[in-house]
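Encoded as structure tokens, the structure appears first; notes follow it.
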Amino acid sequence: MTDPSRLGAPVRFEGVGKRYGRSWAVRGFDLEIAAGEFVSLLGASGSGKTTSLMMLAGFETPTEGRIAVGGRTVDAMPPAKRDIGMVFQSYALFPHMTAAENVDFPLRMRGRPKAEREAAVAKMLDIVGLAHLADRLPSQLSGGQQQRVALARAIVFEPPVLLMDEPLGALDKHLRATLQAEIKRIQARLGLTVLFVTHDQEEALTMSDRICVMRDGAILQVDAPETIYDRPADTYVAAFFGESNALTAVPEGPGAVRLGPVVAPWPGAGPAAGALEIAIRPERIAIADEDAPVPPAHVAVFATVRETTFVGDRRVYLAALDTGEAVQVNQPLADLSGGHRPGERVRLHWATTAMRGFVDGRAA
Amino acid sequence: MSLAEPLAPARLGALRARAATPAWLALPLIAFLGVFYLAPVAMMLARAAGEGDWAPLFAAIENQVAQRVFLGTLEIAFVCTLATLVIGYPLALFAALAPPWLARLAIAAVLAPFWSSILIRSYAWMVLLGREGLVNGALGGLGLIEAPIRMLNTTFAVYVGMIHIMLPFMILPIYAALKGIDGRLVQAAENLGASTASVLRHVILPLSLPGVAAGALVVFVLSIGFYVTPALLGGPRDMMVSMLIAQEVDLYNWDLASAYAGGLLVLTLLIVAVASRFVDLGKAMGGRK
Amino acid sequence: MSARALRLSAGLPARVALGAVALLVALFLVFPVVIVIPLSFSGSEFLSFPPESWSLRWYADFFTTARWLESAWLSIWIAVVAAILATVLGTAAALGLARAKFPGRAVVTAFLLSPLVVPAIIVSIGVYFFYAPLGLVGSPIGIAIAHATLASPFVLVNVTAALAGFDPRLEQAAKNLGASGWSTFRLVTFPIIKPGVMAGAVFAFIASFDEMIVALFITSPGNVTLPIRMWESMRNEISPAIAAVSTLVILLSVSLFFVAARIQARAVARSGGDR
């Protein structure tokens, strides 16, 4: 993943904590980011993601722990000396400077020669596609253009690490998608290490090498997007990403659990006693006629359709199991024909490998 | 679906920006005012204390002329406050309701007095209210009076001059408060069947009270300390505390002048202290822009 | 935005009545300010309105009388010094108080703003006592210092207002991009709050230029400021000469306000108007 010829430097948080008064905004924060890696901090407001970012940038001082960039501890370094690029929430562009002057600012602060600065600014504005708007003031630029200026300003001085604090939050959906792709492209080209704060799970899934899910100032899970989605560490993460059905199961001897009337093979150890919560993604459940055959290694249950909704690329069913539990099924539509009606008896089945078990909220 | 939990309020500290400018920057001004403003006032107060027996202060308190002047000053300040409120509120309301160009014009009229000093405005009233002045001329020309009325060097002239000078201090905070009212509240009231008078009485007036309170405080406090206007426009009976102090200074009664000044200072601070529990003074003074 | 401008579905008579009252009050406010202007062009020794004849004699009188000119220059000099002192100290204090939290902050702020409400006559007596042993009575610099204490709240109020609309993240961004504390102030904070600083400086200049009471106590026969000269002249006679001086003073104040407004308007235009 790392290419030594490129900009990125590794970042390391070691047992970092931040306390305001008596409450901890962040605690026990351990995270290693490889050079050139794109990591998203994902969580709801108040989960501690922005605080972590601000500590790395130097605007907050950790109450405990240590932060290192490129192997050097930065805790005692003032923000101006850290050489960390940052795209602020709502950009923080200097309103009295043009786009070019904004991008030039970090180079000016570093005392680079004028000719070199001019060339770098021109090249950077070109990269973000704003060469023709160099002399505009921020107030004369659209939201997307301002975002690009902010990005150009944050990377023009070739920082080894780039921080982005909800950089796309203020933009509409279409523009977000365009800029997400653009940011990824520039990051890949320059080999930047990126720490990206967002509360949008879809954005985190599409952009990141790894996602760090936070809640109440603590890390819940750090993994690649696929792993996070497929093997969430707990029910909170499972609910945060996409939709999920929760069914109650009880252990039925070794290697099996009982789901209502059916017994399903269970690869994991399972709890010694008590209930097990089984999570299944709605798109992993197949819906079929009552008498349809069941594929091998699938668990099948009978259910009654309660509601059906057509959502364009799929049909969403709400069905009731005979145990009374409600289950959502997302049926991808190969064609628009067919479909089951409310009141109809159906058979739901899914691969045993589609089931995730949780005990007391944690993955089992 | 991405905001899976409610806001955790304890974490807002993370968003609070750290002060980029250090607090000690306030020290030079604090020191400057401490030496050239607080220390002089303290010296003046010490003078009022006499030789520890507070003799000047007791002499001031027992002086019947002074008692009358202090009460008269409070009366003038009170009348000015009431009059500026009654005269100023309609203009503030008009400006708040008017379309932008008309509102700008109205506010320009309110700010116009700031173009000239208190001294010049008092002089203008001397000219207007004199025996041969414009007001007498106009009244005579209209046949309303046969002989010129004596207006200059009367209490009436003092009131006219002071009200003119104090009006902007009343109008601006009221205007700011009125502009802060959400127009949808008026729509809601009208939709619920309120007449114009009811809307004014039950919606607009109560919501503009913070502005009225701020304006009243500023006008009252500034009126208490007036000197130039009553000295130029008033008669011998219209003496205010500041004039009394100046008179004692002219007679080289520095101790007594200091005692009166101390009394005026205590009075001013007392009013501000009591009123500031209800009014944001910084905002009220900021309305002078 | 969600809030809607205030509108009242009042009937026509009510609206006309309100408009008429507002017009009368506006005339009452403006008339005494502008009346001195035609009076200053009067040709006669006595004040009458409208003047019976027109001339520029009172202006000629002003510009050829040494004591008027000396007083005018003295007042300008004092006001410039007072405005510079008040602006530097007041701006620094506003920056210090803006975002810092420390115990007693409210008391400190109240103290720094108190010259706005404490009657001038009180300060005058105190300053006289304080200056007498220092030999500052009668010195222009003494008057300028006293005026700076009275004018500093105007700077404090204006700069504080400018800082209230200032996004502290801009300072964070500057630091993050490598700017030192001083560079951050010089290149980011100051340019953005400059309109507030300039407005404060203009208010401070005018506060000093118009101030009479404190100056009256610590003046000397050789150093008479313009307001004192006008005051003394007014107490003797009501001559059109004062109207001419007043007109010139108004002209100076209006041009200064105009300059301040222009600076502010340009700043608003730069930062994107009503955005």
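Numbers restart at 1 for each chain; the letters A, B, ... are given by sequence-line order, proteins then strands. Nothing here was measured: the structure is a model prediction, and the numbers come from that model. Computed from heavy atoms alone, side chains included, the values below leave out hydrogens, waters and symmetry copies.
Of the residues considered (Ser183(C), Gly181(C), Pro191(C), Ala174(C)), Ala174(C) shows the highest number of contacts with chain A, using heavy-atom pairs under 4.5 Å. Chosen from Arg108(A), Arg82(A), Arg153(A), the residue pairing most often with chain C at heavy-atom distances under 4.5 Å is Arg153(A). When the candidates Ile192(C), Asp167(C), Asn176(C) are compared by the number of heavy-atom contacts under 4.5 Å with chain A, Asn176(C) comes out ahead.
Within 6.0 Å of NE2 on His132(A) lie more than 12 heavy atoms contributed by other residues, nucleotides or ligands.
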Q.
Quick one, Arg169(C) with Ser90(A), criterion side-chain hydrogen bond (donor to acceptor under 3.5 Å, both in side chains). Give me CA distance, side-chain angles, the key distance, then yes/no.
A. CA-CA 9 Å; Arg169(C) 265 178 309 196; Ser90(A) 68; 3.1 Å; yes

*asked:* Under the criterion ring-ring contact (aromatic ring centres under 6.0 Å, His included), I'd like the reasoning laid out for Phe205(C) against Phe154(C): C-alpha separation, chi angles, the key distance, then a yes or no.
replied: CA-CA 10 Å; Phe205(C) 178 92; Phe154(C) 292 108; over 10 Å; no

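Geometrically, Arg210(A) does not engage Phe38(A) in a cation-pi contact defined by less than 6.0 Å to the ring centre and at most 45° from the axis.
Proximity to chain C (any heavy atom under 4.5 Å) is restricted, for Phe157(A), to the side chain, taken from C-beta onward. Residue Leu107(A) does not touch chain C at all, counting heavy-atom pairs closer than 4.5 Å.
Using a 4.0 Å cut-off between a side-chain N of Lys or Arg and a carboxylate O of Asp or Glu, Lys114(A) and Glu118(A) qualify as a salt bridge.
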